[in-house]
Asks: 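Dropping a structure here in structure tokens format, bear with me for questions.
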Number of protein chains: 2
Amino acid sequence: MTGERRRATAVDVARLAGVSQSAVSRCFTEGSSVSAEMRARVQEAARRLSYRPNAIARSLTTRRTNLVGVVMGDLDGPFQPYLFETLTRGLAMRGKQPLLVRGDPANALDGTAMAALDYQVDAVMVTAGSVSPRTIRGLMALGAPLLLYGRAVEADRVDSICCDNPLGARLVARALVAAGHRRIAYLGGRPTAFSEQERGTAFRTELADLGMPLVAVGEGDYGYDSGYRESLRLLAGPDRPDALFCGNDAMAFGALDAARTALGLRVPEELSIVGFDDVPMAAWPSFALTTVRNPVDDIVAIFLDMLERRLADPGAPPVLHRPPPVLVRRGSARL
Amino acid sequence: MTGERRRATAVDVARLAGVSQSAVSRCFTEGSSVSAEMRARVQEAARRLSYRPNAIARSLTTRRTNLVGVVMGDLDGPFQPYLFETLTRGLAMRGKQPLLVRGDPANALDGTAMAALDYQVDAVMVTAGSVSPRTIRGLMALGAPLLLYGRAVEADRVDSICCDNPLGARLVARALVAAGHRRIAYLGGRPTAFSEQERGTAFRTELADLGMPLVAVGEGDYGYDSGYRESLRLLAGPDRPDALFCGNDAMAFGALDAARTALGLRVPEELSIVGFDDVPMAAWPSFALTTVRNPVDDIVAIFLDMLERRLADPGAPPVLHRPPPVLVRRGSARL
DNA sequence: CTGAAAGCGCTTACAG
DNA sequence: CTGAAAGCGCTTACAG
């Protein structure tokens, strides 16, 4: 137990217990038939040596590592960490070990990220819609089952789950117009993001259908700072918008700060602000943000079910889930 | 390339290239002597088969997995995600694969977490000061080098790095008293957390030394909600405090919201609020939080250096770093 | 420089 | 139920 000594192996245990090494292995394998006496002796020896089977060696023969590659983008902003946290806890509870793969949100997976995949992961789960299509293709070529969050993809052997962004955007457009807003602006997120493409397009289209085209458009990057900066610009001129829909909550917080602190506007009296995601902070009194709820807990539960199903049946037809978001009304918008 | 076929192995490549399997291995091993012609043939064959060495199998003989267990607590709050993000990116850049170990912040590592350690990680890095001493002991018994963030531990084969919490608390106490505050309150975080113990004790002691004992004390859990709730209580009575030091930024945000929104207090005119950590949000105009900066980037850089050093020399004497924090003055405190 | 062989620590048919 | 042996996909002495 000095920590200097190497870890005990099945052979060490076998020797101490006076049995064969295969017997030791069986004692640690679910559903192997071992006599009670054998089991007791092996367990005692294992205990004395602090023996635990080497998962790496085991995986070599079972061809299952129980390792799941989790591709993550940046954890900045309040949304991603919560998703990541929920997902990794769920994986752990199901006996899967999350092996982190850092994906550069803008570009393809670099070499170091690919290296993670040499660990024979049973599957790869992508947790960020910002991962590029090119990266997705690289991952698909790997052979391991691929599961995507935040991007709706129709391809063989690829399952995906993605909030129904168009629906969310339409809910906002309708509510804003119904409440009498006449000068509506949109602040989009990173243009390469799948969610941005869906939200921006749907918002624009729905507004047009309602006969109330956008009066101003900004381009942010889903970060607070860009929300602050772009809002300053969008709200500065004459003919100020009376409503601003932001591509996510983080930018909406920036918009709120810019509007109230820098521009001295009253929210929602002079300006309605709406976000997307409904992160926990959105409910804080400082913000009381009206927003579209992206149901993370439901999403993660489904995502994990998709994984189990895919692992159980690699040949099953691909699945695409699009859970519907709902509009959460708080104080930041006059609705 | 159908994805159905198993991944190519070194034997497949050897066959295609017409060389021995050992030769293939050498071509993928740093510093092995291979002729240019051999290398070319092998590389061509490998390319055609999309061959990449199996890292799992490799680790079995090299006795190095390049896997680093990263023990994380909850990713709620704005501080942990940033630390986690910075650390995992640093590991990836150094060719280490982060294997996530979910630690229950309150209790010992449960079975599923221990299972992660059967993957023969080269080292274990703990990223949360909230991990219990009992868990730490369990990890120490594992034999793998252990590196701790957020808890100062003196033990053999354990390196640790931890912000100088007592110094941070003292800075706040002195600044508050010097600015003329006379009714100072403290809102602590989770009592079992190492940081809480250090910060609370030092703040109390320093204040006593300055002849200005605490007038009120609250107990939170480092979360926004507890900051809000406890502040309501601390600030409700007569003899309201004129300054409130919170154990971290998240609670300070809750305190700010409670003071301004629920109690209608003017900050900092009627009440000074100070946090700890200096998360990015602390600089947002909504909060403009005066706080103690916990230098994450520096900490992670040192943490990673400690890892490299420990891996290079397992017998090196243990190291304990205590980077000094600084007080960041913004609008939430009259200093 | 190159190949045959042993070995890393397991699991799993295969006999008994 | 139990043990001997083959094999998972590599690396690394060891000869040549």
Side-chain angles (χ1 to χ4, degrees), chain A residues 5-43 45-46 49-67 97 115 117-122 143-144, chain B residues 5-43 45-46 49-67 97 115 117-122 143-144:
Chain A
R5 268 185 38 197
R6 63 172 180 68
R7 295 174 60 142
T9 73
V11 170
D12 300 323
V13 176
R15 193 156 11 209
L16 181 60
V19 304
S20 75
Q21 183 266 320
S22 352
V24 174
S25 173
R26 279 194 207 95
C27 287
F28 284 91
T29 307
E30 296 278 322
S32 282
S33 34
V34 202
S35 70
E37 195 221 324
M38 162 83 71
R39 166 154 284 132
R41 281 169 64 189
V42 169
Q43 280 177 343
L49 297 176
S50 300
Y51 170 74
R52 311 202 80 209
N54 180 329
I56 294 277
R58 165 180 287 167
S59 77
L60 210 51
T61 50
T62 61
R63 307 176 148 285
R64 265 262 178 153
T65 55
N66 283 323
L67 248 25
Q97 309 303 332
L117 303 172
D118 295 335
Y119 287 80
Q120 316 298 115
V121 292
D122 291 339
Chain B
R5 269 187 36 199
R6 63 172 181 66
R7 295 173 58 140
T9 73
V11 170
D12 299 324
V13 176
R15 192 155 9 207
L16 182 59
V19 303
S20 75
Q21 183 267 319
S22 352
V24 174
S25 174
R26 279 192 207 96
C27 287
F28 285 91
T29 308
E30 294 279 320
S32 283
S33 34
V34 203
S35 70
E37 196 222 324
M38 163 84 69
R39 164 154 286 133
R41 281 169 63 190
V42 169
Q43 282 177 342
L49 297 176
S50 300
Y51 171 73
R52 310 202 81 208
N54 180 329
I56 294 276
R58 165 181 285 166
S59 77
L60 210 51
T61 50
T62 60
R63 306 178 148 285
R64 266 259 179 155
T65 55
N66 284 322
L67 247 25
Q97 309 304 330
L117 303 171
D118 294 337
Y119 287 80
Q120 317 300 111
V121 291
D122 291 339

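Proteins come first, then strands; the chains are lettered A, B, ... in the order of their sequence lines, and each starts at number 1.
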Asks: Heavy atoms under 4.0 Å, any strand shown: does B:Ser25 hit a base, just sugar-phosphate, or nothing?
Replies: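 Base, at least one base heavy atom under 4.0 Å.
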Asks: Return the value, rounded to whole Å, for the distance between atom CZ of A:Arg64 and atom C1' of C:dT12.
Replies: 17 Å
Asks: Any side-chain heavy atom of A:Asp118 within less than 4.5 Å of one from B:Arg7?
Replies: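 SC-SC contact between A:Asp118 and B:Arg7 confirmed.
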Asks: Counting side-chain heavy atoms from C-beta on, which of C:dG3, D:dC8, D:dA5 comes nearest to A:Ser22?
Replies: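 The closest nucleotide is D:dA5.
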Asks: Nearest to the side chain of A:Arg26, heavy atoms from C-beta on, is which of D:dC10, C:dC8, D:dA4?
Replies: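 Closest of the options to the side chain of A:Arg26: D:dA4.
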Asks: Of the candidate nucleotides D:dT11, C:dT11, C:dT2, which contains the atom at the shortest distance from the side chain of B:Met38?
Replies: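 The nucleotide sitting nearest to the side chain is C:dT2.
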Asks: Name the pairing partner of D:dA13, where a pair is Watson-Crick or G-U wobble with both distances under 3.5 Å, or state none.
Replies: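 Base partner found: none.
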Asks: Calculate the interatomic distance between A:Arg15 atom CZ and C:dG9 atom P; express it in whole Å.
Replies: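 Going from CZ in A:Arg15 over to P in C:dG9 covers 11 Å.
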Asks: Measure CD/B:Glu30 against P/D:dT12 and give the value in whole Å, please.
Replies: 12 Å
Asks: Could you go step by step and tell me if B:Met38 and B:Cys27 meet the side-chain contact (heavy atoms from CB on, under 4.5 Å) rule?
Replies: CA-CA 8 Å; B:Met38 163 84 69; B:Cys27 287; 4.2 Å; yes
Asks: Can you check whether A:Tyr119 has a side-chain N or O nearer than 4.0 Å to OP1 or OP2 of D:dC10?
Replies: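 For A:Tyr119, the contact criterion (side-chain N or O under 4.0 Å from OP1 or OP2 of D:dC10) is not met.
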Asks: Using a 4.0 Å heavy-atom cut-off, does A:Ser33 contact any base of the nucleic acid, only the sugar-phosphate backbone, or nothing at all?
Replies: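 Base: the residue A:Ser33, judged by heavy atoms under 4.0 Å, touches a nucleobase.
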Asks: Measure CG/A:Leu49 against P/C:dG9 and give the value in whole Å, please.
Replies: 14 Å
Asks: Specify the residue among B:Thr61 and A:Val11 whose closest nucleotide of DNA chain C lies further upstream toward the 5′ end.
Replies: B:Thr61
Asks: Rounded off to whole Å, could you give me the CZ-to-P distance for the B:Phe28 and D:dT12 pair?
Replies: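 Taking CZ of B:Phe28 and P of D:dT12, I get 15 Å after rounding.
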Asks: Considering only side-chain heavy atoms of B:Ala57, which listed nucleotide, C:dC10, D:dC10, D:dG3, is closest?
Replies: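 When the side chain of B:Ala57 is considered, D:dC10 is the closest of C:dC10, D:dC10, D:dG3.
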Asks: So which one's nearest nucleotide on DNA chain D is more toward 5', A:Gln21 or A:Ser35?
Replies: A:Ser35
Asks: Are any of the side-chain heavy atoms of A:Asp122 and A:Arg64 separated by less than 4.5 Å?
Replies: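 A side-chain contact exists here, since the closest heavy-atom pair is under 4.5 Å.
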Asks: Check whether any side-chain heavy atom of B:Thr9 lies under 4.5 Å from a side-chain heavy atom of B:Asn54, and answer yes or no.
Replies: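 B:Thr9 vs B:Asn54: side chains apart.
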Asks: Nearest to the side chain of A:Leu60, heavy atoms from C-beta on, is which of D:dT2, C:dG3, D:dG9?
Replies: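 Nucleotide nearest to A:Leu60's side chain: D:dG9.
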Asks: Between A:Thr9 and B:Gly18, which is nearer to the 5' end of DNA chain C once each is assigned its nearest nucleotide?
Replies: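 The residue closer to the strand's 5' end, by nearest nucleotide, is B:Gly18.
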Asks: Whole angstrom is fine here: how far is it from CD1 in B:Ile56 over to P in C:dT11?
Replies: 14 Å
Asks: Checking contacts here: which listed nucleotide (D:dG3, D:dT12, C:dG3) is nearest the side-chain heavy atoms of A:Ala23?
Replies: D:dG3
Asks: Figure out the CG/P separation between B:Asn66 and D:dC10, and round it to whole Å.
Replies: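 It is 16 Å, rounded to the nearest whole Å.
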Asks: B:Phe28 and B:Tyr51: aromatic ring centres closer than 6.0 Å?
Replies: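 Yes; B:Tyr51 has its ring centre under 6.0 Å from that of B:Phe28.
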Asks: Minimum heavy-atom separation for B:Gly18 to B:Arg41, with atom names?
Replies: O-NH2, 3.4 Å
Asks: B:Asn54 has a side chain; which of D:dG9, D:dG3, C:dG9 sits nearest to it?
Replies: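 Nearest nucleotide to the side chain: D:dG9.
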Asks: Report the distance from atom CZ of B:Arg58 to atom C1' of C:dC8, rounded to the nearest whole Å.
Replies: 14 Å
Asks: Tell me which nucleotide, if any, is Watson-Crick or G-U wobble paired with C:dA4 when both distances must be under 3.5 Å.
Replies: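 With both distances under 3.5 Å required, C:dA4 matches none.
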